[in-house]
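What follows is a single structure, and I will ask about it in a moment.
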Number of protein chains: 2
Amino acid sequence: MLKKERHQFIMDKFKDADKVNTIDLALELEISEDTIRRDFNELHNKGLIEKVYGGAFLVKDKSRNVFDISIFNEDKKIIVGQKALSFLSEGQVIIMTGGTTNLSFCKLIPIDFAATIYTYSLPIAMQLSQHPNIELIFIGGKLQKNAMVTVGIDVVQVLSKIKADVCFIGVSSLDVNQGLTEMGYEVSIVKKEMINASDKVIVLATSDKINRKMPHKVCGLDKIDAIVTELSPGSPRIKNFADAGARLF
Amino acid sequence: MLKKERHQFIMDKFKDADKVNTIDLALELEISEDTIRRDFNELHNKGLIEKVYGGAFLVKDKSRNVFDISIFNEDKKIIVGQKALSFLSEGQVIIMTGGTTNLSFCKLIPIDFAATIYTYSLPIAMQLSQHPNIELIFIGGKLQKNAMVTVGIDVVQVLSKIKADVCFIGVSSLDVNQGLTEMGYEVSIVKKEMINASDKVIVLATSDKINRKMPHKVCGLDKIDAIVTELSPGSPRIKNFADAGARLF
DNA sequence: TTTAAAATCGCATAATAATGCATTATACTC
DNA sequence: GAGTATAATGCATTATTATGCGATTTTAAA
């Protein structure tokens with residue numbers, strides 16, 4: 001049986017039930033569970049299924065409304081967000097980058113929390129607009145459509161003029177040696193400036209972002225005051241970061 | 001039974017009853033109460049349930065998604081939007097205000113339409129970010145949360161420096177004598193500046209906005225190049241505008 | 001305050017998942 | 001068709017997650 005057939009077979013299973021078990025599939029197809037898990041991983045990366053401990057669920061094709069933002073790995077991101085809450089204090093001036101990890105974080109901020117928050121992300125701004133006591137300042141500029149953030153000289157200019165207490169950065173890749181790197185050049189420039197403008201830098205990242213590199217460097221680990229992941233700080237998966245002296249949470 | 005199934009099972013229980021008991025669930029599913037409690041904790045962390053001593057309640061106030069914007073009188077606004085399409089030309093520099101009428105309009109813009117659009121409205125920007133050929137520039141500033149638009153000195157400053165071909169203005173009130181008026185002072189200032197920056201001014205308004213006055217004046221009818229409503233231009237309900245020489249569409 | 005039920009905590013255990021590596025199958029080149 | 005590179009698979013090992021149990025703390029009501 002070809003891998004592709006097997007994938008189809010798995011997807012067909014969802015016509016009968018909305019979950020499948022790893023073991024059942026392995027028995028039925030008479031192959032190892034490892035292979036089924038690898039299949040799950042591939043289907044998950046295509047966004048077709050959601051993996052859970054012991055099996056998988058079908059992801060329901062949400063109507064592609066512009067405004068409903070689906071958050072990949074939301075559970076993990078909620079854990080990250082909850083840990084990050086401890087870095088918030090009332091009255092701070094905060095810079096918030098974009099990304100779904102930060103979005104999850106923002107959803108968790110207490111409704112009456114008072115602070116000044118700068119952001120360049122449309123979804124983050126929409127989310128934070130629910131908080132009556134947050135003074136929200138949107139950093140204008142040219143819109144980068146895929147990420148829903150503004151970039152360019154205008155953004156950098158605004159950032160160069162402000163001084164924030166703390167910056168929460170959602171990242172796409174984090175590596176022990178390379179530090180924080182980005183896919184896009186423009187975003188890397190903006191993030192650099194954000195870090196410059198802030199006294200403290202808190203990085204929010206789910207573990208899938210860790211030990212990855214992208215072309216454009218933002219900063220080294222030394223500039224980062226805290227790395228918040230869904231893992232426990234002692235986890236072996238981030239031991240290399242601990243060894244390198246990173247402050248993990 | 002997978003953990004996620006169990007969570008769904010618990011959530012389904014709320015269809016029958018307001019409250020679920022820890023013990024009952026443990027007995028029914030033949031698992032320990034500890035597990036049920038851990039499930040409760042997870043569901044609670046997701047904001048789905050409220051824990052109480054001995055069980056849990058459903059959180060009903062599932063505050064509707066921040067991102068789904070409900071449009072009142074959408075039918076009428078779609079008619080307005082369709083008429084307004086005729087004022088669009090490829091390659092223009094356009095200023096777009098906020099409001100649900102303009103949002104409906106933006107939804108109708110052909111997907112491959114090419115232009116440069118300035119806006120200060122978060123929902124409008126989200127919507128327009130779907131158009132690959134639109135150069136979208138967001139005007140940053142302090143966010144006015146109810147209207148989801150930026151206001152203040154920064155916005156005015158940006159506007160004072162640009163020159164647009166056309167400005168599409170969604171309005172809250174339009175009156176034959178007072179012209180265009182606004183509820184909020186800050187928004188009125190910004191709109192004034194937008195009109196200043198544009199060669200042509202197109203007003204989009206459903207008929208419920210017509211013949212109403214608000215405290216802060218934006219401009220008189222003479223500055224408006226076109227008024228687009230869902231009514232036919234000859235409708236008696238806007239005869240007074242026609243008599244005053246307004247260009248109705 | 002007392003008391004019993006319920007919740008939390010720490011730990012042990014078992015199930016499941018990820019990882020590195022060896023083996024086998026498949027595709028590709030000459 | 002032989003040889004080689006690549007991908008797929010299974011196995012052993014290690015890591016992670018789920019769950020139950022006992023000890024301890026908290027809660028709600030007598």
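In the text below, chain A, chain B and the rest are named by the order of the sequence lines, each starting its count at 1.
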Problem - Pairs satisfying side chain to side chain donor-acceptor pair (under 3.5 Å), at least one member in residues 82-98 of chain A, at least two apart - result: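 Matches after skipping sequence neighbours: A:Thr97-A:Asn102.
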Practice task
Any pair with a residue in residues 157-180 of chain A that passes side chain to side chain donor-acceptor pair (under 3.5 Å), sequence neighbours left out, goes on the list, sorted by first then second residue, please.
Solution key: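 The answer is A:Ser172-A:Glu182.
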Practice task
With axes from five pairs an end, tell me the bend angle of the helix from C:dT1-D:dA30 to C:dC30-D:dG1, nearest 10°.
Solution key: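 End axes: 40° apart.
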Practice task
Tell me, please, which residues at least two apart from A:Tyr185 pass ring pair (Phe, Tyr, Trp, His ring centres under 6.0 Å).
Solution key: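 In terms of ring pair (Phe, Tyr, Trp, His ring centres under 6.0 Å), with neighbours along the sequence ignored, A:Tyr185 is linked to A:His216.
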Handout entry: Value in whole Å for how far the P atom of D:dA18 lies from CZ of B:Phe40
Key =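 Going from CZ in B:Phe40 over to P in D:dA18 covers 17 Å.
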Problem - Between CG on residue A:Leu204 and CG on residue A:Leu103, distance to nearest 0.5 Å - result: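 It comes to 11.5 Å.
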Practice task
Find the distance B:Glu5:CD to D:dA18:P and express it as a whole number of Å.
Solution key: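 Checked: the CD to P distance equals 14 Å.
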Would you tabulate the nitrogen or oxygen pairs shorter than 3.5 Å linking the protein to nucleotides 6-13 of chain D?
residue : atom : partner : partner atom : Å
D:dA8   : OP1  : A:Lys3  : NZ           : 3.0
D:dT9   : OP1  : A:Arg6  : NH1          : 2.5
D:dT9   : OP2  : A:Arg6  : NH2          : 2.7
D:dG10  : OP2  : A:Ser32 : N            : 3.1
D:dG10  : OP2  : A:Ser32 : OG           : 2.9
D:dG10  : OP2  : A:Thr35 : OG1          : 2.5
D:dG10  : N7   : A:Arg38 : NH2          : 2.7
D:dC11  : N4   : A:Asp34 : OD2          : 3.2

Problem - Contacts of type salt bridge (Lys or Arg N to Asp or Glu O under 4.0 Å), residue A:Arg38, not counting sequence neighbours - result: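 A:Arg38 satisfies salt bridge (Lys or Arg N to Asp or Glu O under 4.0 Å) with no other residue.
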Practice task
Tell me, please, which residues at least two apart from A:Phe113 pass ring pair (Phe, Tyr, Trp, His ring centres under 6.0 Å).
Solution key: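 Testing A:Phe113 for ring pair (Phe, Tyr, Trp, His ring centres under 6.0 Å), a comparison that skips the adjacent residues, returns none.
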Problem - Whole angstrom value for the distance that separates P of C:dA17 from CG of A:Asp208 - result: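 My rounded result for the distance is 18 Å.
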Practice task
Return the value, rounded to whole Å, for the distance between atom CG of B:Leu29 and atom C1' of D:dA18.
Solution key: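 Those two atoms, CG and C1', are 15 Å apart.
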Exercise for the section: Side-chain contact test, heavy atoms from C-beta onward, threshold under 4.5 Å: evaluate it for B:Ser121 versus B:Met96 and give yes or no. Expected result: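 B:Ser121 vs B:Met96: side chains apart.
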Practice task
Under the salt bridge (Lys or Arg N to Asp or Glu O under 4.0 Å) rule, collect the residues that match up with B:Lys19, sequence neighbours excluded.
Solution key: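 B:Lys19 satisfies salt bridge (Lys or Arg N to Asp or Glu O under 4.0 Å) with no other residue.
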List the atom pairs, donor and acceptor, that lie under 3.5 Å between side-chain atoms in residues 132-143 of chain A and the rest of the protein, sequence neighbours left out.
residue  : atom : partner  : partner atom : Å
A:Asn133 : ND2  : A:Asp112 : O            : 3.0

Exercise for the section: Please state whether the phosphate of C:dT8, meaning OP1 or OP2, lies under 4.0 angstrom from any side-chain nitrogen or oxygen of B:Lys51. Expected result: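 Yes, B:Lys51 has a side-chain N/O under 4.0 Å of OP1/OP2 on C:dT8.
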Exercise for the section: Name all residues meeting the salt bridge (Lys or Arg N to Asp or Glu O under 4.0 Å) criterion together with B:Lys4; count only those two or more places apart in sequence or in a different chain, and write none if there are none. Expected result: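 Partners of B:Lys4 by the salt bridge (Lys or Arg N to Asp or Glu O under 4.0 Å) criterion, ordered by chain and then number, come out as A:Glu50.
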Exercise for the section: Take nucleotides 25-30 of chain D nucleotide by nucleotide from the 5' end and write B, S or -, depending on whether a protein heavy atom sits under 4.0 Å from the base, only from the sugar-phosphate, or from neither. Expected result: --BS--
Which pairs of donor and acceptor atoms, one on a side chain in residues 8-16 of chain A, lie under 3.5 Å apart (sequence neighbours left out)?
residue : atom : partner : partner atom : Å
A:Gln8  : NE2  : A:Asp12 : OD1          : 3.2
A:Asp12 : OD1  : A:Lys15 : NZ           : 3.3
A:Lys13 : NZ   : A:Glu28 : OE1          : 3.1
A:Lys13 : NZ   : A:Glu28 : OE2          : 3.3

Exercise for the section: May I have the distance from A:Arg37 (atom CZ) to D:dT17 (atom C1'), rounded to whole angstrom? Expected result: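 Taking CZ of A:Arg37 and C1' of D:dT17, I get 12 Å after rounding.
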Exercise for the section: Round to the nearest Å and state the distance from A:Ile210 atom CD1 to D:dT16 atom C1'. Expected result: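 Checked: the CD1 to C1' distance equals 16 Å.
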